[in-house]
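Read the structure below first, then the notes.
Just so we're clear, the structure is a prediction, and the values are computed from it rather than from any experiment. Ligands are counted one by one from 1 in listed order, and the atoms in each one are counted from 1 as well.
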Amino acid sequence: MKKVIFLLLVVLQLDKTFEWGFKNGVLHNSIWLEQAAGVYHRESRNGKYKLTYREAKAVCEYEGGKLATYEQLEEARKIGFHVCAAGWLHKGRVGYPIVKPTFNCGFGKKGIVDYGYRLNKSERWDAYCYNPNVKECGGVLTEQERIIKSPGYPNEYENDQICYWHIRINYGQRIYIQFLEMDIEEDTDCLSDYFEIYDSYDDVHGLVGRYCGDELPDDIISTGNVMTLKFLTDGSITGGGFQIKYTAVDPPSKMEDEGSKTSNVETAYSLY
Ligand SMILES: *[C@@H]1O[C@H](CO)[C@@H](O)[C@H](O)[C@H]1NC(C)=O
(Lines give C-alpha, C1' and ligand atoms only; values in the text may rest on other atoms or scores of the structure.)
Protein backbone atom coordinates (compact mmCIF):
# COMPACT_ATOMS: atom_id res chain seq x y z
CA MET A 1 0.00 0.00 0.00
CA LYS A 2 1.38 3.34 -0.93
CA LYS A 3 1.77 6.20 1.42
CA VAL A 4 -0.80 8.96 1.22
CA ILE A 5 0.24 12.57 1.28
CA PHE A 6 -1.91 14.90 3.28
CA LEU A 7 -2.33 18.46 2.43
CA LEU A 8 -2.25 20.12 5.75
CA LEU A 9 -2.37 23.39 3.98
CA VAL A 10 -4.06 26.55 4.90
CA VAL A 11 -7.28 25.72 6.65
CA LEU A 12 -8.47 29.03 5.27
CA GLN A 13 -8.69 27.52 1.85
CA LEU A 14 -11.25 24.98 2.97
CA ASP A 15 -14.14 27.39 2.89
CA LYS A 16 -12.71 30.43 1.30
CA THR A 17 -11.68 29.39 -2.14
CA PHE A 18 -9.42 31.89 -3.78
CA GLU A 19 -10.60 32.51 -7.25
CA TRP A 20 -8.14 35.13 -8.30
CA GLY A 21 -4.48 35.70 -7.75
CA PHE A 22 -1.54 37.65 -8.97
CA LYS A 23 1.25 35.87 -10.73
CA ASN A 24 4.11 37.90 -12.13
CA GLY A 25 2.06 41.00 -11.50
CA VAL A 26 -0.83 39.87 -13.67
CA LEU A 27 -4.22 38.93 -12.35
CA HIS A 28 -4.72 35.28 -13.11
CA ASN A 29 -8.10 33.81 -13.81
CA SER A 30 -9.76 31.03 -11.99
CA ILE A 31 -10.61 28.23 -14.31
CA TRP A 32 -14.34 27.73 -14.21
CA LEU A 33 -14.94 26.23 -17.54
CA GLU A 34 -12.00 25.56 -19.74
CA GLN A 35 -13.95 25.32 -22.91
CA ALA A 36 -17.52 25.92 -24.01
CA ALA A 37 -19.27 25.93 -27.37
CA GLY A 38 -15.91 25.31 -29.06
CA VAL A 39 -14.30 28.39 -27.52
CA TYR A 40 -11.28 28.19 -25.27
CA HIS A 41 -8.68 30.47 -23.77
CA ARG A 42 -4.98 30.21 -24.49
CA GLU A 43 -2.05 32.03 -23.03
CA SER A 44 1.54 31.98 -24.17
CA ARG A 45 3.72 29.28 -22.72
CA ASN A 46 5.71 32.15 -21.21
CA GLY A 47 2.75 33.44 -19.25
CA LYS A 48 -0.11 35.87 -19.38
CA TYR A 49 -0.40 38.71 -21.85
CA LYS A 50 2.51 37.75 -24.07
CA LEU A 51 0.86 37.24 -27.46
CA THR A 52 0.74 39.77 -30.28
CA TYR A 53 -2.21 39.51 -32.65
CA ARG A 54 -0.18 37.50 -35.14
CA GLU A 55 1.07 35.15 -32.46
CA ALA A 56 -2.43 34.69 -31.02
CA LYS A 57 -3.72 33.79 -34.46
CA ALA A 58 -0.88 31.31 -34.87
CA VAL A 59 -1.63 29.67 -31.52
CA CYS A 60 -5.22 28.95 -32.57
CA GLU A 61 -4.26 27.87 -36.06
CA TYR A 62 -1.60 25.54 -34.73
CA GLU A 63 -4.39 23.65 -32.99
CA GLY A 64 -6.58 23.60 -36.06
CA GLY A 65 -8.84 26.46 -34.98
CA LYS A 66 -9.18 30.20 -35.47
CA LEU A 67 -9.44 33.23 -33.25
CA ALA A 68 -13.00 33.29 -31.92
CA THR A 69 -15.40 36.00 -33.01
CA TYR A 70 -17.07 38.24 -30.46
CA GLU A 71 -20.34 36.40 -31.12
CA GLN A 72 -18.77 32.99 -30.54
CA LEU A 73 -17.28 34.22 -27.28
CA GLU A 74 -20.67 35.52 -26.21
CA GLU A 75 -22.35 32.19 -27.04
CA ALA A 76 -19.78 30.40 -24.89
CA ARG A 77 -20.22 32.93 -22.11
CA LYS A 78 -23.95 32.33 -22.03
CA ILE A 79 -23.35 28.72 -21.09
CA GLY A 80 -20.84 29.52 -18.40
CA PHE A 81 -17.49 30.34 -20.01
CA HIS A 82 -15.78 32.79 -17.70
CA VAL A 83 -12.16 33.88 -17.85
CA CYS A 84 -10.64 36.90 -16.21
CA ALA A 85 -8.02 37.63 -18.84
CA ALA A 86 -8.24 39.72 -21.98
CA GLY A 87 -7.52 37.93 -25.22
CA TRP A 88 -7.35 38.56 -28.94
CA LEU A 89 -10.45 37.82 -30.97
CA HIS A 90 -11.18 37.70 -34.68
CA LYS A 91 -10.04 40.78 -36.62
CA GLY A 92 -7.98 42.17 -33.76
CA ARG A 93 -10.70 42.79 -31.22
CA VAL A 94 -9.81 42.20 -27.57
CA GLY A 95 -12.06 41.19 -24.71
CA TYR A 96 -12.97 38.59 -22.12
CA PRO A 97 -16.11 36.77 -20.97
CA ILE A 98 -17.60 37.44 -17.54
CA VAL A 99 -20.30 35.29 -16.05
CA LYS A 100 -19.89 36.27 -12.44
CA PRO A 101 -18.37 39.70 -11.93
CA THR A 102 -16.12 40.21 -8.94
CA PHE A 103 -14.32 43.14 -7.45
CA ASN A 104 -11.25 42.38 -9.52
CA CYS A 105 -12.87 41.36 -12.69
CA GLY A 106 -15.66 42.44 -14.98
CA PHE A 107 -16.30 45.97 -13.78
CA GLY A 108 -19.35 44.73 -11.89
CA LYS A 109 -21.34 43.50 -14.85
CA LYS A 110 -21.91 40.33 -16.79
CA GLY A 111 -21.08 40.10 -20.44
CA ILE A 112 -18.08 40.46 -22.68
CA VAL A 113 -15.69 43.09 -21.44
CA ASP A 114 -14.84 44.65 -24.78
CA TYR A 115 -11.59 46.52 -25.39
CA GLY A 116 -12.61 47.07 -29.01
CA TYR A 117 -10.60 46.62 -32.19
CA ARG A 118 -7.00 47.39 -31.36
CA LEU A 119 -5.14 49.74 -33.63
CA ASN A 120 -1.83 48.48 -32.34
CA LYS A 121 -1.60 44.80 -33.21
CA SER A 122 1.71 44.53 -31.35
CA GLU A 123 -0.02 44.82 -28.03
CA ARG A 124 0.22 41.67 -26.02
CA TRP A 125 -2.81 39.79 -24.75
CA ASP A 126 -3.96 36.20 -24.47
CA ALA A 127 -6.03 34.47 -27.14
CA TYR A 128 -9.56 33.11 -27.50
CA CYS A 129 -9.70 30.33 -30.02
CA TYR A 130 -12.68 28.73 -31.69
CA ASN A 131 -12.44 25.12 -32.66
CA PRO A 132 -15.45 22.88 -32.33
CA ASN A 133 -13.29 19.82 -32.96
CA VAL A 134 -10.55 20.64 -30.48
CA LYS A 135 -8.67 17.63 -29.22
CA GLU A 136 -9.36 16.54 -25.71
CA CYS A 137 -7.17 18.57 -23.46
CA GLY A 138 -8.50 19.60 -20.09
CA GLY A 139 -11.97 20.53 -18.99
CA VAL A 140 -14.17 20.88 -15.97
CA LEU A 141 -14.83 17.57 -14.25
CA THR A 142 -17.68 17.16 -11.83
CA GLU A 143 -18.16 13.38 -11.79
CA GLN A 144 -17.57 11.44 -8.59
CA GLU A 145 -14.86 9.40 -10.23
CA ARG A 146 -12.91 9.73 -13.42
CA ILE A 147 -9.72 8.74 -15.16
CA ILE A 148 -7.77 11.62 -16.61
CA LYS A 149 -5.40 10.84 -19.46
CA SER A 150 -2.81 12.85 -21.30
CA PRO A 151 -4.10 13.95 -24.71
CA GLY A 152 -3.92 11.13 -27.24
CA TYR A 153 -3.18 8.47 -24.62
CA PRO A 154 -2.09 5.65 -25.07
CA ASN A 155 -0.19 7.34 -27.87
CA GLU A 156 2.57 9.75 -27.00
CA TYR A 157 1.49 13.25 -26.12
CA GLU A 158 2.42 16.14 -28.38
CA ASN A 159 4.79 19.06 -28.03
CA ASP A 160 3.70 22.56 -27.06
CA GLN A 161 0.56 21.82 -25.15
CA ILE A 162 -1.08 23.29 -22.09
CA CYS A 163 -4.08 21.53 -20.59
CA TYR A 164 -6.00 22.40 -17.45
CA TRP A 165 -8.37 20.06 -15.70
CA HIS A 166 -10.49 21.62 -13.06
CA ILE A 167 -12.05 19.10 -10.69
CA ARG A 168 -15.04 20.34 -8.77
CA ILE A 169 -17.09 17.94 -6.68
CA ASN A 170 -19.70 18.35 -3.96
CA TYR A 171 -19.02 20.76 -1.16
CA GLY A 172 -17.59 18.87 1.82
CA GLN A 173 -16.15 16.09 -0.31
CA ARG A 174 -12.46 15.71 -0.96
CA ILE A 175 -10.57 14.56 -4.01
CA TYR A 176 -8.46 11.45 -3.81
CA ILE A 177 -5.87 11.21 -6.56
CA GLN A 178 -4.00 8.11 -7.64
CA PHE A 179 -1.36 7.95 -10.34
CA LEU A 180 -1.91 4.91 -12.55
CA GLU A 181 0.64 5.50 -15.33
CA MET A 182 3.37 8.04 -15.63
CA ASP A 183 5.77 8.66 -18.48
CA ILE A 184 6.67 12.30 -18.91
CA GLU A 185 9.99 13.56 -20.29
CA GLU A 186 12.31 13.67 -17.31
CA ASP A 187 14.69 16.41 -16.28
CA THR A 188 15.95 17.55 -12.91
CA ASP A 189 13.35 20.13 -12.00
CA CYS A 190 10.70 19.03 -14.50
CA LEU A 191 11.27 22.19 -16.51
CA SER A 192 10.59 20.77 -19.98
CA ASP A 193 7.38 18.80 -19.69
CA TYR A 194 5.47 18.52 -16.46
CA PHE A 195 2.25 17.73 -14.72
CA GLU A 196 1.21 19.90 -11.78
CA ILE A 197 -1.44 19.53 -9.12
CA TYR A 198 -2.90 22.48 -7.23
CA ASP A 199 -5.07 22.19 -4.17
CA SER A 200 -7.24 25.12 -5.26
CA TYR A 201 -9.43 26.65 -7.93
CA ASP A 202 -6.54 27.90 -10.01
CA ASP A 203 -2.91 27.34 -10.84
CA VAL A 204 -1.70 30.08 -8.54
CA HIS A 205 -2.49 28.86 -5.04
CA GLY A 206 -1.78 25.60 -3.27
CA LEU A 207 0.81 23.92 -5.47
CA VAL A 208 0.99 20.33 -4.32
CA GLY A 209 3.67 19.13 -6.68
CA ARG A 210 5.23 19.15 -10.09
CA TYR A 211 5.82 15.78 -11.65
CA CYS A 212 7.78 14.27 -14.52
CA GLY A 213 9.66 11.04 -15.25
CA ASP A 214 8.20 7.59 -14.91
CA GLU A 215 8.00 7.00 -11.19
CA LEU A 216 4.48 6.93 -9.79
CA PRO A 217 4.06 9.68 -7.19
CA ASP A 218 2.25 9.00 -3.91
CA ASP A 219 -1.50 9.35 -3.69
CA ILE A 220 -2.91 12.74 -2.78
CA ILE A 221 -5.99 13.95 -0.94
CA SER A 222 -7.21 17.51 -1.35
CA THR A 223 -8.15 19.80 1.51
CA GLY A 224 -11.31 21.01 -0.22
CA ASN A 225 -13.66 20.04 -3.02
CA VAL A 226 -11.73 21.60 -5.89
CA MET A 227 -8.39 20.91 -7.52
CA THR A 228 -6.61 22.09 -10.63
CA LEU A 229 -4.37 19.89 -12.74
CA LYS A 230 -2.06 21.34 -15.34
CA PHE A 231 -0.10 19.57 -18.05
CA LEU A 232 2.48 21.49 -20.01
CA THR A 233 4.82 20.26 -22.70
CA ASP A 234 7.65 22.06 -24.47
CA GLY A 235 8.76 22.00 -28.08
CA SER A 236 10.84 18.82 -28.04
CA ILE A 237 10.84 15.23 -26.82
CA THR A 238 7.59 13.73 -25.71
CA GLY A 239 6.71 10.69 -23.63
CA GLY A 240 4.12 7.98 -23.23
CA GLY A 241 1.84 10.20 -21.14
CA PHE A 242 -0.09 9.60 -17.97
CA GLN A 243 -3.26 8.22 -16.48
CA ILE A 244 -4.55 9.53 -13.21
CA LYS A 245 -7.65 8.55 -11.34
CA TYR A 246 -9.59 10.76 -9.00
CA THR A 247 -12.33 9.68 -6.65
CA ALA A 248 -14.64 11.83 -4.55
CA VAL A 249 -14.32 11.00 -0.89
CA ASP A 250 -17.07 11.77 1.60
CA PRO A 251 -16.21 13.51 4.87
CA PRO A 252 -14.86 11.26 7.63
CA SER A 253 -17.84 11.54 9.97
CA LYS A 254 -20.06 9.96 7.38
CA MET A 255 -17.58 7.20 6.78
CA GLU A 256 -17.34 6.37 10.45
CA ASP A 257 -21.09 5.94 10.51
CA GLU A 258 -20.75 3.45 7.74
CA GLY A 259 -18.38 1.41 9.86
CA SER A 260 -15.81 -0.37 7.74
CA LYS A 261 -12.24 0.84 7.65
CA THR A 262 -10.70 -1.24 4.97
CA SER A 263 -9.75 0.97 2.05
CA ASN A 264 -6.70 3.18 1.80
CA VAL A 265 -8.82 6.22 1.79
CA GLU A 266 -10.61 5.46 4.98
CA THR A 267 -7.39 4.50 6.73
CA ALA A 268 -5.95 7.72 5.59
CA TYR A 269 -8.80 9.64 7.06
CA SER A 270 -8.48 7.94 10.42
CA LEU A 271 -4.85 9.12 10.53
CA TYR A 272 -5.96 12.59 9.76
C1 LIG B 1 2.28 49.14 -29.77
O2 LIG B 1 2.29 48.30 -28.62
C3 LIG B 1 3.57 47.84 -28.22
C4 LIG B 1 3.40 46.85 -27.10
O5 LIG B 1 2.60 47.38 -26.08
C6 LIG B 1 4.45 49.03 -27.88
O7 LIG B 1 5.73 48.59 -27.52
C8 LIG B 1 4.52 49.96 -29.07
O9 LIG B 1 5.24 51.11 -28.72
C10 LIG B 1 3.13 50.35 -29.53
N11 LIG B 1 3.22 51.10 -30.76
C12 LIG B 1 2.61 52.29 -30.93
C13 LIG B 1 2.79 52.90 -32.25
O14 LIG B 1 1.97 52.82 -30.04
Side-chain angles (χ1 to χ4, degrees), residues 18-36 38-77 81-131 134 137-138 158-164 191-194 196 198 201-205 207 228 230-236:
F18 289 86
E19 290 172 20
W20 318 105
F22 279 93
K23 191 162 154 183
N24 305 323
V26 177
L27 187 67
H28 210 84
N29 65 300
S30 83
I31 300 145
W32 283 27
L33 194 60
E34 181 63 22
Q35 174 184 336
V39 175
Y40 55 94
H41 166 258
R42 281 282 181 269
E43 64 180 42
S44 158
R45 289 175 31 80
N46 302 320
K48 273 257 176 310
Y49 296 162
K50 294 262 161 63
L51 300 171
T52 63
Y53 176 60
R54 269 181 54 163
E55 289 164 351
K57 244 176 109 168
V59 164
C60 297
E61 281 166 10
Y62 177 82
E63 297 174 350
K66 290 179 164 177
L67 282 170
T69 64
Y70 180 93
E71 290 72 24
Q72 286 163 344
L73 188 62
E74 171 59 9
E75 284 309 304
R77 193 200 64 80
F81 189 57
H82 170 107
V83 183
C84 185
W88 288 106
L89 299 167
H90 187 56
K91 293 193 170 158
R93 202 166 181 172
V94 168
Y96 58 96
I98 293 300
V99 174
K100 191 182 169 205
T102 64
F103 178 72
N104 285 321
C105 206
F107 302 103
K109 63 180 179 63
K110 285 188 201 175
I112 307 290
V113 177
D114 188 4
Y115 292 0
Y117 294 94
R118 311 308 294 174
L119 293 175
N120 184 350
K121 302 282 195 291
S122 305
E123 289 176 359
R124 291 179 185 272
W125 305 101
D126 291 347
Y128 287 99
C129 305
Y130 176 73
N131 183 358
V134 70
C137 173
E158 292 171 26
N159 289 318
D160 293 318
Q161 287 206 304
I162 309 181
C163 313
Y164 290 98
L191 293 173
S192 309
D193 295 353
Y194 62 80
E196 280 181 337
Y198 291 83
Y201 262 114
D202 55 32
D203 61 340
V204 177
H205 301 98
L207 177 66
T228 302
K230 177 176 179 179
F231 179 53
L232 185 146
T233 70
D234 71 359
S236 66

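Of all protein heavy atoms, the one closest to atom 3 (C) of ligand 1 is N120 ND2, 3.6 Å. Protein heavy atom at the shortest distance from atom 4 (C) of ligand 1 is S122 O, 3.6 Å. Looking from atom 5 (O) of ligand 1 to the surrounding protein, the closest heavy atom is E123 CA, 4.2 Å.
Within a 4.0 Å radius of atom 9 (O) of ligand 1, the protein has no heavy atom.
Counting heavy atoms from C-beta on, the side chains of F107 and V113 come closer than 4.5 Å. For the pair K91 and Y117, the minimum side-chain heavy-atom distance is below 4.5 Å. Residues D114 and R93 form a side-chain contact, since some pair of their non-hydrogen atoms from C-beta on lies under 4.5 Å apart.
K50 and E55 are not joined by a salt bridge, as no carboxylate oxygen comes within less than 4.0 angstrom of a charged side-chain nitrogen.
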